[in-house]
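Have a look at the structure below before the remarks.
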Amino acid sequence: MNETRVRYAPSPTGDPHIGNLRSAIFNWLFAKKENGKFILRIEDTDQSRIVKNGIEKQQEALLWLGMQWDELYIQSERKSIYAKYSQKLIEEDKAYRCYATEEELDELRQKQKSEKKITRYDGRYRDYDKEKSLSRSKKEPYVIRFKSPQNGETQCFDKIRGGITFNNKELDDFVIIKSDGFPTYHFANVVDDHLMKISHVMRAEEWLPSLPKHVNIYNALGWEMPTFVHLPMILAPDKTKLSKRHGATSVQDFIDQGYIKPAMFNFLVLLGWAFDDKTEQFTINELKNIFDINKISKSPAIFNKEKLDWFNGKYIREINTNELAKEISIFFENSIEPNNFNIISSYDFKKIANMVKERSKTLNDSLILSEFLFKKPKFESKEEIITMCESDDQCKLVLEKSFKLLSDTKDFSISNLQNKLKKLMDDLNLKPKQVLGTLRIVITNQKISPPIFDCLNILEKEESLIRIQTAIDYL
RNA sequence: GGCCCCAUCGUCUAACGGUUAGGACAUCACCCUCUCAAGGUGGGAAUACGGAUUCGAAUUCCGUUGGGGUCACCA
């Protein structure tokens, strides 16, 4: 049996897209499952679209999810290889130089459009004199086009869809080498997949229409074909291709919004793949063993953000405290002003993690819940404070008694605070809302906050008393 | 528009000819409750349509409709 070798082949033209990352996950998991190799190939043959740090961004996205590649190739460094094979095709009369200019081609397309014909290259240099072609190549720019078969059919095979037949009349002589000498995707991808001994080409379904082009190149070069696996598209809720106008689409967007690695990985793997009828939470290690390309679905999947949120919240609740504390500290540092981060750093991030984990869907939620740590309550009116009570006097009573109680309390553990304050409620014959609600306002002044016991616990005695006293003074 | 792919609750999906069509997210109701969550219990919700094959079809075949993708010297 041949070794399983798969590749993830992004082009470094922007921020890594979440849909591409899903393709990477499928490839990587399949490689792990089969004890094969996961190859990263940078498809940077369009010099005009290259973005600074494009390669690094792609690598960082993979590493964020813990996907390490076994081999790395960069197409722009392999220019001569593609030239060699294109030359071979010319010599064998399976490709030819085309001298048509952009303007010429535009004109052709316009004409075809106005005549309501299909727009495609008309093969004007297909049978051009070989001597002339060669001599012109010495002084004029040209592209190299592939001589597509004009009759018959091209049989293709996709692992999850089966056989697909294309009528060769639909094909045109597409460009394989551009005038700047770089190969087009269609050509570089075939040459590289062959040379790199790729066993399975797993890529997005949007490539399916160009499969016959690739198949014909394989045939022309006399190469054996890999298994093609076209992955279902990931669509936006409006059922169109997921793009920037739908909001977050790049990997960095999701990191910035506070999504964490295991949730992202788990969520993405379920877009177009399922294990069985009830299991849906998996660790990455489990997936390495159970991932099965035969279970990849055919139909496109809509990106269901609510479910991602749920997964993220679930993982935030379940990962261990140290890990969450680390995620939180990194996220906070990147999200808030240095001054505020300094204040919040004086608290124990593990304590913060425990305080917010039950009620955070994202790390950004964690941040919002923690804001009271560096934002002291500021009141606009007395009403804000007394809203939980029946009267000013009752509110004052609650605050004064609480102040006294907490002053006398040494043990600020959550359980002890619960006991003490419960007793206070009983003694004063007041409802939880009146006592705990009022304290929550005075301590955090947040509509949504962690439970008051957690807040007092993390703030500790001194700061808690200061905040209560401040409110009493204000009343 | 040509070509290609696809079609199970709103969404992600399970089912590999025989199930009361299962699970999850979301949603609704109730419980819990210091806010918000989490958690618990329960409810509603799907095989696009029409033929054919078969004792029997979500499942196979054909058509219709719908959706998506793709038609560059971008990938």
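Throughout, a chain's letter reflects where its sequence line sits, starting with A, and its residues are numbered from 1.
- Residue A:Arg109 has its side chain nearest to B:C73 when only B:A75, B:G69, B:C73 are considered.
- Aromatic pair A:Tyr99/A:Tyr125: ring centres closer than 6.0 Å.
- Of the candidates B:A75, B:C12, B:C5, B:C12 carries the atom nearest the A:Ile302 side chain, counting heavy atoms from C-beta on.
- Under the Watson-Crick or G-U wobble criterion, with both distances below 3.5 Å, B:C71 is paired with B:G1.
- Between the P atom of B:C16 and the CG atom of A:Asp292 lies a distance of 15 Å, rounded to the nearest Å.
- When distances run from any side-chain atom of A:Glu170 to the nucleotides B:C3, B:C6, B:U11, the shortest one goes to B:C3.
- If you take atom C1' in B:C30 and the same atom in B:C12, they sit 27 Å apart, rounded to whole Å.
- A salt bridge links A:Arg109 with A:Asp106: the distance from a Lys NZ or Arg NE/NH1/NH2 to an Asp or Glu carboxylate oxygen falls below 4.0 Å.
- The partner of B:A15 is absent, by the rule that a Watson-Crick or G-U pair needs both atom distances under 3.5 Å.
- For B:C9 and B:U47, the P atoms lie 7 Å apart once the distance is rounded to whole Å.
- Nearest-nucleotide positions on RNA chain B for A:Asn304 and A:Lys239 put A:Asn304 closer to the 5' end.
- Remark: aromatic rings of A:Phe267 and A:Phe303 are close, center separation under 6.0 Å.
- Within the 4.0 angstrom heavy-atom criterion, no nucleotide atom of any strand lies near A:Ala236.
- Here B:C25 sits opposite B:G10 as a Watson-Crick or G-U wobble pair (both hydrogen-bonding atom distances under 3.5 Å).
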Task: Nucleotide-resolved protein contact map, nucleotides 33-41 of chain B, B/S/- at heavy-atom distance under 4.0 Å - done: -BBBBSS--

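- In this structure, the nucleotide among B:C5, B:C12, B:A75 sitting nearest to the side chain of A:Ala301 is B:C12.
- Tested against A:Tyr259, the residues A:Asn364, A:Thr362, A:Asp309 include a single side chain to side chain donor-acceptor pair (under 3.5 Å) partner, A:Asp309.
- Between B:U8 and B:G23, the two C1' atoms lie 13 Å apart (nearest whole Å).
- A:Tyr73 and A:Arg7 are not linked by any side-chain donor-acceptor pair at a separation below 3.5 angstrom, with hydrogens and angles left out of the test.
- A side-chain contact (heavy atoms from CB on, under 4.5 Å) with A:Val356 is found for one member of A:Ile328, A:Asp454, A:Ile316, A:Ile368 and no other, namely A:Ile328.
- A:Glu280 and A:Lys307 are joined by a salt bridge, as a carboxylate oxygen and a charged side-chain nitrogen come within less than 4.0 angstrom of each other.
- A:Lys431 comes within 4.0 angstrom of no nucleic acid atom, judged by non-hydrogen atoms across all strands.
- Comparing A:Leu308 and A:Ser297 against RNA chain B, the residue whose closest nucleotide sits nearer the 5' end is A:Ser297.
- Set against B:A26, B:A75, B:C73, the side chain of A:Val175 has B:C73 as its closest nucleotide.
- Using modelled atom types, one finds a donor on one side chain and an acceptor on the other under 3.5 Å when comparing A:Asp192 with A:Tyr82.
- One C1' atom belongs to B:G18, the other to B:U54, and the distance between them is 12 Å to the nearest Å.
- Annotation: B:G68 and B:A75 have their P atoms spaced 26 Å apart (nearest Å).
- For B:C6, its base never sits under 3.5 Å from the side chain of A:Ser299 at any donor and acceptor pair.
- Base pairing annotation: B:U35 forms no Watson-Crick or G-U wobble pair, as no partner gives both donor-acceptor distances under 3.5 Å.
- Comparing B:G50 with B:G66, their C1' atoms are spaced 14 Å from each other, to the whole Å.
- A gap of 13 Å separates the P atoms of B:C61 and B:C5, to the nearest Å.
- On the C1' atoms, B:U13 is 26 Å away from B:A29, given to the nearest whole Å.
- Across B:A72, B:C12, B:A26, the shortest atom-to-atom separation from the side chain of A:Leu271 is found for B:C12.
- Within the 4.0 angstrom heavy-atom criterion, base atoms lie near A:Arg49.
- In this structure, A:Lys94 fails the cation-pi test against A:Phe146, since its NZ or CZ atom is not both closer than 6.0 Å to the six-membered ring centre and inside 45 degrees of the ring normal.
- Pair assignment for B:A46 gives none, since no Watson-Crick or G-U wobble pairing has each distance under 3.5 Å.
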